[in-house]
Amino acid sequence: MRGNFLSFVKKESLHILRDKRTMLVVMLIPVVLMILFGFAISTEVNNINVAVVVSERTDGISDAVERLAQNDYFTFKGYISEDDIDPWLRSGKVGAVVVFASDFDRRKEQAAQGIDTKPIIQLIVDASNVNTAGSATAYLQSVLLGSASQQAMFETRMLFNPQMKSAYNFVPGIMGLIFILVCAMMTSVSIVREKEVGTMEVLLVSPVRPVKIIFAKMIPYFAISCIVLVTILLLARYLLGVPMTGGVWGIFSLSLLYLMLSLALGLLVSTIATTQMAALLISAMVMMMPILMLSGMLFPIENLPKFFRVVSNIVPARWYIDAVRKMMIQGLPIVAVWRNCVILLAMTVAILGVSLKKFNDKLE
Amino acid sequence: MSDIVISVRDLTKRFGDFTAVDRISFDVHRGEIFGFLGANGAGKTTAMRMLCGLSYPTSGSGSVAGYDVRTEGEKIKRHIGYMSQRFSLYNDLTVGENMRLFAGIYGLGAKQTEERTVELLDRLNFSSERNTLVGSLPLGWKQKLSFAIATIHRPEVVFLDEPTGGVDPVTRRQFWELIYEAAEAGTTIFVTTHYMDEAEYCSRVSIMVDGEVRALDTPARLKQQFSAESMDEVFSTLARGAQRGE
C-alpha cells in the first residue's frame, strides 16, 4: 500500500501549490521578517541628537565635543544655554544634553590624578525610552571621557558580537517563530479543514490508515519549511553577516528537529480544534505569544519574574532559540548544546505521542 | 459467493447508558437497493458506521461483503464505497486528480486507474471536464462525480449517506438513474435518505425508530401493511411513536 501513501503526498502538495496566495505568504514572511528585524527594527542606539551646555569653550571641551560630533551614533546639535535644556528635551529636539563643569580642563586633570572625585560632566537624558536612554548614557560616557582616566580602569572586550549588532540576536528568534508559524499553524489548519469540509470522513472510511493520512500531510509542509530554513540561513549569512562559525550543519540538524516538533504541535492543535478559525486562534494565541514573550527572543529569560522563568521551560522555542544563538553567534558546535537537543527531542516525542493518541481516540 | 452481501444479527451499540442501536437484524442481497430510513437520532448513522468498520459493535454480529464487522474492519473498508451527505471531493483538485487520488487510496495500479477514469468519465459524459477544478462544477455534477468516485474500485457495496441533500429534483432523478445502473451491474446499494419519494425507488426499505428496525419490506408491501398511500405516510405513522427527540 505504498501507492496510496504517495498519492496522498501528491494530493497535499497540490493543495499547497494551488493555494498560491498562502504559498507566497509563507515564502515571503521569513524574508520580510529577516529584513525588518535585521535592518529596520533594532535595539542599537543610532542618531541620538545631543546638545552641549558650557560656560566657556576650552580646549578640553572642544576635544570632547569634536569626538562626539565625529561619532556615528550621535548627531551634535550645537551649544545651547542652560535655559534651553528643558524645552529642547521636552520638544524632542535632542535626546540628551551634556553639561560641562565650569573649570572642566583643570578638574579633569585632577580627576585623572585622583585628587578630585566630584563629577565634572552632567548628562541629562530623555529616559522616556529606557533602552535608548541606557545605551545612550553608556556610549556618551565612553565617548566623552575617551582618553586616560576610565580606560585605565577597565578594559572591555565584547566577544562573539563585537559590534553589538542586534540583528545577530534576532535571527535565532525569528527562526523559532517562523517554523511554528509555517509548520504548526499550516498543518493544523489543513487537517482541520478536511474535518470541517467533510473529506476526512471519506478518507476514514477508506482503507488508508489514519496515521498515514497525517504523515502524508506533514511531508509537504516539512519540505516547504526546509526551503524556508535554507532561505533564512542564506539571508542571515550573506545579508546580515551573521558569523555561524560553529558550522552550518549543526544549526541545520537542530532546526530539522525543531521542524518536527512544530509539525507535532500542529497535529496536537488539530486534534483539539474543530474549525479552521479555532485552529488559527490556538496557533496564534497559545503558541505565538509564549514564543514572543517567554522564549528569550525579545526579553532575556534571566530578566523574567520567577514564575515566568519557570513557565518558559516548557516553551520549546526557548530551548531552540538558545541553542541556535549559541551555535550561530558564539560558534559552538552542536555537541555543546546537547542538553537543548535532548530536551527538544523529548518534547517532540511526547507531543507526537499525545497527539497521535488523541487523534486515534477521536476516531472511535 | 453468497447472494447475501450484508448480514446483520442483533447488532447493538451502546454509549454508556444510551443504546444508540438496539439489536437490529437484516440481510441485504446482491444488487439490491436497500433504503435505510429513520428520523434524526434514530441510530442510522451509528448503524452505518458499524457496517463500514468505523465503529465497534457492543454486541451482536454482522458481516459485510463476507467480512466480519467485529474483526475484519480493515478488509471491509477495501470492499466498500462510501459517499457522505456532505460533499467530500477536493474542490481545489481537478476531476481527474480527484479520481486518481481515490484510485490510489484503493490501491489501483496506474493502468487500471486510467481505464477506470476514462470509463467513469465516459459514463457520466464528463470526458471534457477531466481537467476542470471540481470547485467550479455545479452541485448536481459534483454529487454524480462523488458517486462515480465511490465506485472507482468496483466495490461490492456502496454506502450512500443522504447523497441527495440540497439537490434539485431533476438532478436527484438523474442521480438515481446512476444508482440503478450500478445496482443492475451487481453493486449493492445501501442508502439513507430523508426524501420519501426516494424511498419508493428502493428495492426494500427498513425504517429505524429509537434504535430499532420497526419495519422492513418492499415499499409496496409496507404501504399495504400500514394501509398507506405513500411511503411518507408509512414513515409518519412509525415515527410518531418515537420516544427520542431530535
Side-chain angles (χ1 to χ4, degrees), chain A residues 1-26 186-187 189-217 219-221 224 274-276 359-364, chain B residues 13 15 45 48-56 64 67 72-94 96-110 112-113 133-135 146 149-150 152-153 155 157-162 165:
Chain A
M1 283 269 154
R2 226 181 78 244
N4 65 29
F5 186 68
L6 285 181
S7 36
F8 260 105
V9 175
K10 204 165 160 192
K11 163 216 158 212
E12 290 305 330
S13 313
L14 278 175
H15 285 319
I16 297 171
L17 290 174
R18 293 270 153 87
D19 193 355
K20 294 223 169 54
R21 227 179 321 161
T22 311
M23 179 82 170
L24 201 69
V25 170
V26 171
M186 295 196 46
T187 11
V189 168
S190 119
I191 295 174
V192 174
R193 186 190 298 136
E194 298 228 13
K195 284 203 260 178
E196 215 178 24
V197 175
T199 42
M200 191 56 101
E201 207 180 325
V202 176
L203 297 184
L204 293 178
V205 186
S206 80
V208 187
R209 301 235 331 266
V211 179
K212 270 194 185 173
I213 303 177
I214 299 304
F215 281 111
K217 258 193 192 308
I219 287 178
Y221 288 108
I224 289 187
T274 44
T275 63
Q276 293 179 62
F359 184 79
N360 280 322
D361 287 351
K362 271 263 171 72
L363 300 183
E364 262 306 300
Chain B
K13 178 81 184 185
F15 297 103
T45 311
M48 194 141 134
R49 281 175 63 87
M50 284 192 280
L51 294 179
C52 294
L54 283 181
S55 174
Y56 195 78
V64 173
Y67 300 102
E72 296 173 305
E74 290 308 311
K75 283 185 186 150
I76 289 178
K77 285 180 178 177
R78 225 165 288 168
H79 290 88
I80 61 170
Y82 178 83
M83 178 182 164
S84 104
Q85 61 195 72
R86 285 194 288 176
F87 171 71
S88 45
L89 296 179
Y90 293 94
N91 280 323
D92 55 346
L93 301 185
T94 66
E97 282 162 351
N98 267 293
M99 289 191 153
R100 200 160 0 133
L101 169 67
F102 283 95
I105 289 175
Y106 285 97
L108 267 61
Q112 250 182 316
T113 303
L133 286 183
V134 166
S146 273
I149 286 177
I152 197 158
H153 55 300
V157 194
V158 182
F159 288 88
L160 305 174
D161 189 5
E162 289 170 27

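Labels below follow one simple rule: chain letters A, B, ... track the order of the sequence lines, proteins then strands, and each chain is numbered from 1.
With rounding to the nearest 0.5 angstrom, the OG1 atom of B:T94 is 8.0 Å from the CG atom of A:L14.
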Side chain to side chain contact (heavy atoms under 4.5 Å, CB included) between B:N98 and A:K11, worked out: CA-CA 9 Å; B:N98 267 293; A:K11 163 216 158 212; over 6 Å; no
Derivation and outcome, side chain to side chain contact (heavy atoms under 4.5 Å, CB included), residues A:V197 and B:Y90: CA-CA 9 Å; A:V197 175; B:Y90 293 94; over 6 Å; no
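No part of B:L108 comes within reach of chain A, as not one of its non-hydrogen atoms sits under 4.5 angstrom from that chain. For B:F159, no part sits under 4.5 Å from any heavy atom of chain A, backbone or side chain. Contact of B:I76 with chain A is not made at all, since no heavy-atom distance falls under 4.5 Å.
What you find for B:E74 and A:P207 is that their closest heavy atoms are OE1-O, 4.0 Å. Between A:G198 and B:S88, the shortest heavy-atom distance links the atoms O-CB, 3.6 Å. Taking every heavy atom of both residues into account, B:D92 and A:R18 meet most closely at O-NH1, 2.7 Å. Residue A:T199 comes nearest to B:L89 through the heavy atom pair CG2-O, 3.7 Å, listed as atom of the first residue, atom of the second, then distance.
At least one side-chain heavy atom of A:V205 sits under 4.5 Å from a side-chain heavy atom of B:I80. A:L203 is listed as a side-chain neighbour of B:F102, based on a closest heavy-atom distance under 4.5 Å.
Contact count against chain A (heavy-atom pairs under 4.5 Å) is highest for B:E97 among B:M83, B:H153, B:E97.
Put simply, the side chain of B:K77 gets close to the backbone of A:L204: a donor and an acceptor are under 3.5 Å apart.
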